[in-house]
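We count ligands from 1, going down the list as the structure has it; atoms in each ligand are counted the same way.
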Amino acid sequence: TRARVMAAEWGYSPTNGPDVWARLFPQAGGARQSPVDICTSIASSDSNLEMKKLTFAYESQSDLRILNTGHGWKVEAPQSGSRLEGGPLGEDIYQLEQFHCHWGETSAEGSEHTVDGRAYAGELHLVHWNTTKYQSFAEAAQHPDGLAVLGVFFDVGNESNDEIEKIVSTLSEIKFKGQFTDIPDVIDPTTFLPSGLGYWTYLGSLTTPPCNECVIWIVYKEPITVTEEQLVQFRCLSACSGEAEEFIVKNYRPPQPLGNRALRECNA
Ligand SMILES: CCCCCCc1ccc(S(N)(=O)=O)cc1
Ligand SMILES: [Zn+2]
């Protein structure tokens, strides 16, 4: 019989999920992996090393492309005019490249980072790269200070998030892996950020293969609110490119060992 060689596609199922990623992607077994459980009692406020204020400036953009990656949705938002700097980012300027989300089968789980063992219903990632030192996103992803990702937790509540609704309203057009469409509405990434700007920060990695150890993580303490219906829509995306329907109901990596990494906090 002709053996069916299953494409070595990574995913989140028992046979291709986080527990086996290191077989195909060696970095996944490294010592500075993400996400991590944020143990608030060990977060140091580094008052002596008072971190410079984290500042960001984003453009509002319309017609951003959203695509179904097979692992979730991703909005490509290369913003040459955006700047993320200060805080733990030293003297370098980071530019927004894309943003995406992680979620779970129910709202009891879904975030990648956890706080004192508590998971949130989901987590938004605003992915930036170091344009001071590197010439491209792909190049930056090969260096320890190449990327900066802002993580924002989702709490489930009664008021839907208008910005997230702009994403949700396009999902029916990108049901299958590989499909993409343009978001007609104007998206202002600033609106994804919580009002309280306190955060935790540590050195980590991409939370999906290839799991490069190239990310300076900045995780906001305060969640933003989305509705259960909005999360239900996320779970209707298909991981396949057609016919077969395998919904993307879970796309988060569980916490990895913090090891001897410093976890710092800033109460903006
Ligand atoms: C060398 C190519 C690298 C593509 C990296 C794509 C990627 C970006 C962000 C994240 S996340 N979840 O850590 O924000 C995961 C993967
Ligand atoms: Zn992510």
Distance-only side-chain donor-acceptor flag, Asp145 / Tyr94, under 3.5 Å
no
If you measure only the distance, is there a donor-acceptor pair under 3.5 Å linking the side chains of Glu173 and Gln179?
no
Is it true that Ser107 and Glu228 share a donor-acceptor pair across their side chains at a distance under 3.5 Å?
yes
For atom CZ of Arg23, is the number of surrounding heavy atoms from other residues, nucleotides or ligands below 6.0 Å larger than 12?
no
Listed partners of Val186 passing side chain to side chain contact (heavy atoms under 4.5 Å, CB included), at least two apart:
Ser60, Ser62
Can you sort out which atoms of ligand 1 are near His102, meaning under 4.0 Å from one of its heavy atoms?
12 (N)
Hey, which atoms in ligand 1 end up nearer than 4.0 Å to a heavy atom of Gln98?
8 (C)
Protein heavy-atom partner closest to atom 12 (N) of ligand 1 - residue, atom, separation in Å:
Thr207 OG1, 2.8 Å
Does a donor on one side chain sit under 3.5 Å from an acceptor on the other, for Glu222 and Ser195?
yes
Tell me yes or no: between the side chains of Glu213 and Gln33, is some donor less than 3.5 Å from an acceptor?
yes
What atoms of ligand 1 come within less than 4.0 Å of a heavy atom belonging to Leu206?
5 (C), 7 (C), 8 (C), 9 (C), 10 (C), 13 (O), 15 (C), 16 (C)
Below 2.8 Å, which protein N, O or S atoms neighbour the Zn ion (ligand 2), ignoring water?
His100 NE2, His102 NE2, His125 ND1
Looking at Tyr202 versus His113, is the centre-to-centre ring distance below 6.0 Å?
yes
min-distance protein heavy atom vs atom 4 (C) of ligand 1 -> Phe137 CE2, 4.0 Å
Return yes if a side-chain donor-acceptor contact under 3.5 Å exists between Thr207 and Glu112, otherwise no.
yes
Determine yes or no for a side-chain-to-main-chain donor-acceptor pair under 3.5 angstrom, with Thr227 supplying the side chain and Gln230 the backbone.
yes
Looking at Gln142, which atoms of ligand 1 are within less than 4.0 Å of one of its heavy atoms?
1 (C)
Record the part of Trp217 in heavy-atom contact with ligand 1 below 4.0 Å; permitted values are side chain, backbone, both and neither.
side chain
What is the closest protein heavy atom to atom 16 (C) of ligand 1, and at what distance does it sit?
Thr208 OG1, 3.2 Å
Aromatic ring pairing His100/His125, orientation class (parallel under 30°, perpendicular over 60°, tilted between):
perpendicular
Atom 1 (C) of ligand 1 touched by protein heavy atom at under 4.0 Å:
yes
For atom 14 (O) of ligand 1, what's the nearest protein heavy-atom neighbour? Residue, atom name and distance, please.
His100 CE1, 3.2 Å
